[in-house]
Amino acid sequence: MAKTKSGGSSRLGRSSRPKYLGIKVNNNQSVRPGMVIVRQRGTSFKAGENVKRGGDDTLYAHKAGVVKFVSKKVTKFDGSRKLIKVVSVVDQKK
């Protein structure tokens, strides 16, 4: 006897659409207010100066300027230290 029922059902073709996550604007590039800088799941990058975090953890520019990525050491409440990545938007030099 056959183990599976015969028929034309395929196990393929159920792929979900890609989420297009990642860094959208690189370091030293200019942005306008509302432009998406990083699309992420969770907070791999933290929001710095003039950057806001959306409901799905997307970071976007709050003011016009130039994007800066920096690494910072942060002391947590238990005394341990952690290296975090911060995204900021600073004013353009004129």
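Start at 1 with the first residue, then count along the sequence.
For Lys24, the NZ atom counts as densely surrounded, since its 6.0 Å shell holds more than 12 non-hydrogen atoms of other residues, nucleotides or ligands.
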Under 3.5 Å donor-acceptor pairs involving side-chain atoms of residues 69-79, not counting sequence neighbours:
from, atom 1, to, atom 2, distance (Å)
Asp78, OD1, Ser80, N, 3.1
Asp78, OD1, Ser80, OG, 2.7

Mind listing the side-chain donor-acceptor pairs of residues 29-39 below 3.5 Å, one per line with the distance, residues two or more places apart or on another chain?
from, atom 1, to, atom 2, distance (Å)
Gln29, OE1, Asn26, N, 2.8
Arg39, NH1, Thr58, OG1, 3.4

- Lys46/Leu59 under side-chain contact (heavy atoms from CB on, under 4.5 Å): CA gap, chis, key distance, verdict: CA-CA 8 Å; Lys46 305 282 185 182; Leu59 300 181; over 6 Å; no

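Remark: side-chain polar atoms of Asp57 are paired, donor with acceptor, to backbone N or O of Gly42 under 3.5 angstrom.
Lys68 meets the side-chain hydrogen bond (donor to acceptor under 3.5 Å, both in side chains) test with Asn28; sequence neighbours excluded.
By the rule that hydrophobic residues join a cluster once side-chain heavy atoms approach within less than 4.5 Å of another member, Val87 and Val25 end up as members of one cluster. Ile23 and Val67 fall within the same hydrophobic cluster, where Ile, Leu, Val, Met, Phe, Trp and Tyr residues are linked whenever their side-chain heavy atoms come under 4.5 Å apart, directly or through other members.
Side-chain contact between Val89 and His62: absent, with no pair of heavy atoms (C-beta onward) separated by less than 4.5 Å.
From Asp91, atom CG reaches atom CG of Asn50 across 7.0 Å, with rounding to the nearest 0.5 Å.
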